[in-house]
Protein chains: 2
Amino acid sequence: MSMSLSKELELEQPLQDIRHETLLNVVRTATMLSLRGEEFFRKYGLTEAQFNVLFALKYKKTKWTQSDLGKRLVVTRASITSILDKLEAKGFVIRNSVEGNRRIRHVELTPEGLKLVRKIEPIYRRNIHRVLSCFSDSECKQIIEYMEKIRGGLKNLKYSITQ
Amino acid sequence: MSMSLSKELELEQPLQDIRHETLLNVVRTATMLSLRGEEFFRKYGLTEAQFNVLFALKYKKTKWTQSDLGKRLVVTRASITSILDKLEAKGFVIRNSVEGNRRIRHVELTPEGLKLVRKIEPIYRRNIHRVLSCFSDSECKQIIEYMEKIRGGLKNLKYSITQ
DNA sequence: TTCCAATTGCTTGACATCTAACAATTTGTT
DNA sequence: AACAAATTGTTAGATGTCAAGCAATTGGAA
């Protein structure tokens, strides 16, 4: 039983609160993106989260700790531990201990890990471009800006009485 | 150990593929929204998914089957079954059998369910408006449009060679 | 009408994330 | 210097979703 993503129920639900509808749309879209992502990466024996780690490691400029990875990918440290356990078992990453700070580990791609990312990446990119084919670069930039603004807005909640 | 959402790691990662970055931003934002949502709804003994069901039921115009709910919320039928089991056990919804079609069940709010939504809704809305306080109505509409367009783009994958 | 395909809701099993608590370590304050 | 507070990575336990498969039912095509 697999989700029929193509059929989206047209609702007669009134657009009675545009802000609510906005957030719902963002979440709904991300859900669909993730479902498709999982489906895609499964072909390579990876979860989306695992690929995201590999991909992030490929393009990072500095050394990253597990904690850094978690912040980047919006995932708890506990999850990062679990994801890395799997990737390490498959030989795609290594955790290096760091002299000068015995708490942290720097995470790096192994040659095998790099090879895998290089194999998946072009296909992944092609798919992504297909999904966003009807967007111009400036529209993409605008979406990114909007998303950053929403995440910024989330911080408003932090300092408010939410009940 | 809870996610520190306020700190977002600034990356020196080059914006080397704006479309990839776009999708990443949508997913990342939705993740944060969901985390905050769960945190909020837990105060009322609900998960976000459970609230979404109650909320959708409040504003629907026609009778909905479980399958309809799943399509609306982008959740599999298996998950809807599980969510409804919990809501039904708490007395917030009922599944009515439908004469003329013995396969489907129509899902409805109970008075208690309605009462709960009514209690949570204003606080929820206030929070949402706080998050999106820096957006105008037309910006919200634009975001919705963008999200719909992305979901539309996902259909392009369906008919393409993804491997 | 008949029979095959699709739909609906459910169950099961796998899996990924989260929260909470922990030990080890580092940082900061007095 | 000493002690409290914060950070890091891990483990354990709970929970929620998904994929796959099932039985019952419905719908459509021959």
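Chain letters run A, B, ... following the sequence lines, proteins first, then strands; residues in each count from 1. Keep in mind the model is a prediction, meaning the values are calculated, not measured.
Between the CG atom of B:Asn96 and the P atom of C:dG9 there is a distance of 13 Å, given to the nearest Å. Spacing between atom CD1 of A:Ile80 and atom P of D:dT8 amounts to 13 Å, rounded to whole angstrom units. Taking atom NZ on B:Lys71 and atom C1' on C:dG9, their separation rounds to 13 Å, with Å as the unit. Between the C1' atom of D:dT17 and the CD atom of A:Glu48 lies a distance of 14 Å, rounded to the nearest Å. With rounding to whole Å, B:Phe41 atom CZ is found 14 Å from D:dG16 atom P. Between the CG atom of B:Leu73 and the C1' atom of D:dT17 there is a distance of 14 Å, given to the nearest Å. The CH2 atom of A:Trp64 sits 20 Å away from the P atom of D:dT7 (whole-angstrom rounding). Between B:Arg77 atom CZ and D:dG21 atom P the separation is 14 Å, expressed in whole Å.
In the helix from C:dT1-D:dA30 to C:dT30-D:dA1, the terminal helix axes, each the rotation mapping four pairs' C1' atoms onto the next four within five end pairs, subtend 40°, rounded to 10°.
B:Asp137 approaches A:Arg19 most closely through the heavy-atom pair OD1-NH1, 3.0 Å. Closest non-hydrogen pair, A:Ala30 versus B:Val27, comes out as CB-CA, 3.9 Å. In plain terms, the two heavy atoms of B:Gly45 and B:Gln50 that are nearest each other are O-OE1, 4.0 Å. A:Leu54 approaches A:Leu46 most closely through the heavy-atom pair CD1-CD1, 3.9 Å.
A:His129 is linked by a side-chain hydrogen bond (donor to acceptor under 3.5 Å, both in side chains) to B:Asp17, counting only residues two or more places apart in sequence or in another chain. Among residues two or more places apart in sequence or in another chain, the side-chain hydrogen bond (donor to acceptor under 3.5 Å, both in side chains) test is passed with B:Ser138 by B:Ser136. Annotation: side-chain hydrogen bond (donor to acceptor under 3.5 Å, both in side chains) contacts of A:Glu88 (sequence neighbours excluded): A:Arg95.
If you check every strand for non-hydrogen atoms under 4.0 Å, A:Thr81 touches a base.
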Are any protein N/O atoms closer than 3.5 Å to N/O atoms in nucleotides 12-17 of chain C? If there are, list each pair with its distance.
residue : atom : partner : partner atom : Å
C:dA16  : OP2  : A:Lys86 : NZ           : 3.3

Protein-to-nucleotide contact annotation, 5' to 3' order, nucleotides 24-29 of chain D [B base; S sugar-phosphate only; - none; under 4.0 Å, heavy atom]: BBS---
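Of the two residues near DNA chain C, B:Thr31 and B:Leu84, the one whose nearest nucleotide lies more 5' is B:Leu84. Remark on DNA chain D: of its neighbouring residues A:Arg42 and A:Gln66, the 5'-side contact belongs to A:Gln66, judged by nearest-heavy-atom nucleotide. Ranked by how close their nearest DNA chain D nucleotide is to the 5' end, A:Ile104 and A:Asp85 are led by A:Ile104.
Side-chain polar atoms of B:Arg72 and B:Asn52 form no donor-acceptor pair below 3.5 angstrom. Of the N and O atoms on the side chains of B:Asn25 and A:Arg151, at least one donor lies less than 3.5 Å from an acceptor on the other residue. Residues A:Thr31 and A:Ser34 have side chains that never bring a donor and an acceptor to within less than 3.5 angstrom of each other. Checked by atom type, the side-chain pair B:Ser82/B:Ser79 shows no donor-acceptor distance below 3.5 Å.
B:Phe135 carries A:Lys149 over the face of its six-membered ring, with the cationic atom under 6.0 Å from the centre and within 45° of the normal.
Not one side-chain nitrogen or oxygen of B:Arg95 sits closer than 4.0 Å to the OP1 or OP2 atom of C:dT8.
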